[in-house]
2 protein chains.
Amino acid sequence: MLTGWRRNPNRFQFVTKLEGGILPDGTNMRTPYGLEIIENCLSCPHREERLFCNLPEQTVKALSAITSSASYPKGATLFVEGQPARGVFILCSGRVKLSTSSADGKTLILRISEPGEVLGLPATVTGTCYELTADVVEPAQSNFIARNDFLGFLKDNGEAALRVAQQLGETYHAAIAEMRTIGLSHSAGEKLARFLLEWAANYPEEKGQIRLKLTLTHEEIAQMIGSSRETVTRLLADFRRKQLLQVMGSTLIIKNKAALESIVTG
Amino acid sequence: MLTGWRRNPNRFQFVTKLEGGILPDGTNMRTPYGLEIIENCLSCPHREERLFCNLPEQTVKALSAITSSASYPKGATLFVEGQPARGVFILCSGRVKLSTSSADGKTLILRISEPGEVLGLPATVTGTCYELTADVVEPAQSNFIARNDFLGFLKDNGEAALRVAQQLGETYHAAIAEMRTIGLSHSAGEKLARFLLEWAANYPEEKGQIRLKLTLTHEEIAQMIGSSRETVTRLLADFRRKQLLQVMGSTLIIKNKAALESIVTG
DNA sequence: GCCATTCCGTGACAATCATCACGGGTGCCC
DNA sequence: GGGCACCCGTGATGATTGTCACGGAATGGC
């Protein structure tokens, strides 16, 4: 457990404690990289908008007491599928990929988590093993709460327990949604269309177009829809040819939402 | 709202209130069939073993006060995907199929629920729409708790809220497990093998064999693993030919678990 | 016992898509 | 700047499996 100011390549940052994540090379996580550090949940930009942070000031303070903050570089691993749950990670910034994979190396990505989400919640609450692996895809800061502390906090704090239940409900909801895209489609094209539309649902529509950021490689998209890298490449090219969408780097513009919808309808 | 003793084809039964399920013909559920009626959760056989029922006597009584019990025949529908959540159904006996389906009629079954499980929990807690459809496949009795009552109860009852969170976690866990069978398999055979092994996990192994009850049609199995009825038929025949298993009516015997496992491993 | 419906078995066929293979592009690090 | 990863594009190929079609078995209601 480390506490104090630490030197970084770019800047200093304060690390209250350091929860052991795992670097890509298998070593423990020890070198948080420079990020915008959120020291205090009361001033966290997500406090108002996000489910779990939006609690009475009193409660947030109680949470802070058992929380340890850490930053993780791209490629770091917060936890691994099958590991006994140590506790929850509240994602303050950055993005984290949640996935599961089979013995032969095939990977299925379930979700790209955004700030405000609580990772490892189901396993921590039920006291089982993490069912997914959490990899940082965009440098992240997260608050860790150990399982025992967390459960104790919930016991003393009915409202927080309810929030946890709600967050779990939403997580489940999202899982079912992905399930639908994977399980109910007749073709890879349908899966991709479903995926794009779901993704676009978080972005505003203007003039019949939707601009969205999609910082995923074709490989990763394939892993989200249960397909192969090559088919994703081909399908995207196909969609572009048919004027359904347009790609500029990591931004994607849906030009014909109706057509995509008609693909999923069948 | 009905209260009192009601005549049934076979026997009398007591119905405290009647929560509106929907019969296969679309009419509301009004004619509960003869079942072993569980009048009192304190004497419910699942009380000790199941998560949600296993609460202090005091708490269970508080629950009873807001609970209404009803019985449903095979084919009845407890709730439908997309419907605003009215509340939760605690399954006391019977079995219920949870599924989602696409516009063109393709169906994906997520789970066959057993007594003790709480149905409609995620949607009720988050205040959204039911994400699945619940159909009775084996005559069922369930306790209904309306959303507002339920949320109020949880607020006054920290421990129950925690239990709810745990139940949600388990539900999520199960969803992820099915996700894996559907999303990580290379072939339908692999999916079927995965499915059978998961199903068998609830049954004891003796002398290298596992006897299990599988009251599902090939069609339903297909809908669980995201495949077609014909391939399930063919694959089961194939497995039988290869001496991996043996089918006698609705009981299935896994004779070579190792071989099945080697199929999923790849 | 008869009719109707559901369920299971099986053949033929076509389409989709995973896989392999390879090359070109881009960025990153030394 | 040279090499090394990684990512994207594309062709050829073959296995898998969804789909259609049909008949027989089984089940259940009257």
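Residue numbering restarts at 1 for every chain, and letters A, B, ... go by the order of the sequence lines. For clarity, every value in this text was computed on a predicted model and none was experimentally measured.
- Here D:dT17 is the nucleotide among D:dT19, D:dT10, D:dT17 with the atom lying nearest to any side-chain atom of B:S187.
- Rounded to an integer number of Å, the gap from A:L216 CG to D:dC7 C1' is 13 Å.
- The number of heavy-atom neighbours closer than 6.0 Å to CZ of B:R211, taken from other residues, nucleotides and ligands shown, is 12 or below.
- The B:T231 side chain lies nearest to D:dG18 when the options are C:dC8, D:dG18, C:dA21.
- One interatomic measurement links the two molecules: CD1 of A:I221 to C1' of D:dG9, which rounds to 14 Å at whole-angstrom precision.
- Of the candidates D:dC7, C:dG9, D:dT10, C:dG9 carries the atom nearest the B:T233 side chain, counting heavy atoms from C-beta on.
- To the nearest 0.5 Å, atom CZ of residue A:R111 and atom CD of residue A:E178 are 9.5 Å apart.
- Look at A:H218 and you won't find any side-chain N or O under 4.0 angstrom from OP1 or OP2 of D:dC6.
- Among the nucleotides D:dA21, D:dG18, C:dA21, the one closest to any side-chain atom of A:R229 is C:dA21.
- Of the candidates A:R240, A:R234, A:R241, A:R241 is the only one forming a salt bridge (charged side-chain N to carboxylate O under 4.0 Å, His left out) with A:D238.
- If you measure from atom CG of A:L236 to atom C1' of D:dG9, you get 12 Å, rounded to the nearest angstrom.
- Residue-level contact check: B:S228 touches the bases, meaning some heavy atom is under 4.0 Å from a base atom.
- Going from atom CD of B:Q223 over to atom P of C:dC8 covers 12 Å, rounded to whole Å.
- A side-chain contact (heavy atoms from CB on, under 4.5 Å) with A:M179 is found for exactly one of B:I182, B:T100, B:I176, namely B:I182.
- Put simply, CD on B:E219 is 9 Å from C1' on C:dC7, counting in whole angstrom units.
- For the pair B:L235 CG and D:dG18 P, the interatomic distance rounds to 9 Å; values are reported in whole Å.
- Side-chain atoms of B:R234 come within donor-acceptor range of the base of D:dT19, with a qualifying N/O pair under 3.5 Å.
- Ion pairing between a basic and an acidic side chain is recognised when a charged N comes within 4.0 Å of a carboxylate O; B:E190 and A:K106 show no such pairing.
- Straight-line distance from the CG atom of B:L214 to the C1' atom of C:dC8: 14 Å, rounded to whole Å.
- The side chain of A:T217 has D:dC8 as its nearest neighbour among D:dC8, D:dT19, C:dC8.
- With hydrogens and angles ignored, no donor-acceptor pair closer than 3.5 Å exists between the side chain of B:E220 and the base of C:dC7.
- The interatomic distance linking A:K191 (NZ) with D:dG18 (P) rounds to 11 Å, in whole Å.
- Both B:R240 and A:A188 sit near DNA chain C, but only B:R240 has its closest nucleotide nearer the 5' end.
- Phosphate contact (OP1/OP2 of D:dT17, side-chain N/O of A:H186, threshold under 4.0 Å): absent.
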